[in-house]
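FYI, the numbering just counts along the sequence from 1.
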Amino acid sequence: AYAYVARDVDGTPVVSGTLRLVFADGDGARTAEGVSGTWAFEAAQTGLDEQEIGPQLGMGSLEGGIGSDGEIWINLNPGLADNNVFLSGRFTENARGELSGTWSYSTFVGSVAGGTFAAER
């Protein structure tokens, strides 16, 4: 499990919660395999609407993958063809397995919002 914080382009926290990742090989090794899991997030501040952060409030399942170079990509809304939040990041080299990168809220017109995220064990 990872403690997750997403920030907008100004660096202001907008979402926080728990990100649980399950690696395809089952032993936690980071290899070029699939990633699945769940997330449970809440707004980090009041007054945010979905146009600013996308569908990353509440709970859901996730799907993604991880490359042998430590790059990870995650779709927080895998059952949707539109209205998705994507995470793209990289694991750090420390033993804690922290990851960080960018998030983007994408609709049929493309990316409409985004920022950075950090997740640490």
Does any donor atom in the side chain of Asn83 or Tyr105 lie under 3.5 Å from an acceptor atom in the other side chain? yes
Find the distance between CG (Leu80) and CG (Asn75) and round it off to the nearest 0.5 Å. 8.0 Å
Where the side chain of Asp8 meets the backbone of Asp10, is there a donor-acceptor pair that is under 3.5 Å apart? yes
Worked verdict on Phe41 versus Thr18 for side chain to side chain contact (heavy atoms under 4.5 Å, CB included): CA-CA 6 Å; Phe41 301 156; Thr18 304; 5.8 Å; no
Give the table of side-chain donor-acceptor pairs shorter than 3.5 Å for residues 106-118, with sequence neighbours excluded, one pair per line with atom names and distance.
unit_1	atom_1	unit_2	atom_2	d
Thr107	OG1	Val109	N	3.3

Note, Leu76 side chain near Leu87 side chain (heavy atom, < 4.5 Å): yes
Would you check if Asn77 and Val85 make a side-chain contact, meaning some heavy-atom pair closer than 4.5 Å? yes
Close side-chain approach of Glu52 to Val14, heavy-atom, < 4.5 Å: no
Could you check if a side-chain atom of Val15 sits within less than 4.5 angstrom of a side-chain atom of Trp103, using non-hydrogen atoms only? no
Following the transitive rule for hydrophobic clusters with a side-chain heavy-atom cut-off under 4.5 Å over Ile, Leu, Val, Met, Phe, Trp and Tyr, establish whether Leu19 and Val5 coincide in one cluster. no
Do the non-hydrogen side-chain atoms of Leu99 and Leu21 ever get within less than 4.5 Å of each other? yes
Donor-acceptor contacts, no H, no angles, side chain residues 53-64, under 3.5 Å, sequence neighbours left out:
unit_1	atom_1	unit_2	atom_2	d
Gln56	OE1	Tyr4	OH	3.2
Gln56	NE2	Ile53	O	3.0

Near Glu42 CD, under 6.0 Å, is it more than 12 heavy atoms from other residues, nucleotides or ligands? no
Does any non-hydrogen side-chain atom of Ile74 lie less than 4.5 Å from one of Trp39? no
With sequence neighbours left out, the residues meeting side chain to side chain contact (heavy atoms under 4.5 Å, CB included) with Glu71 are Asp69, Trp73, Ser88, Arg90
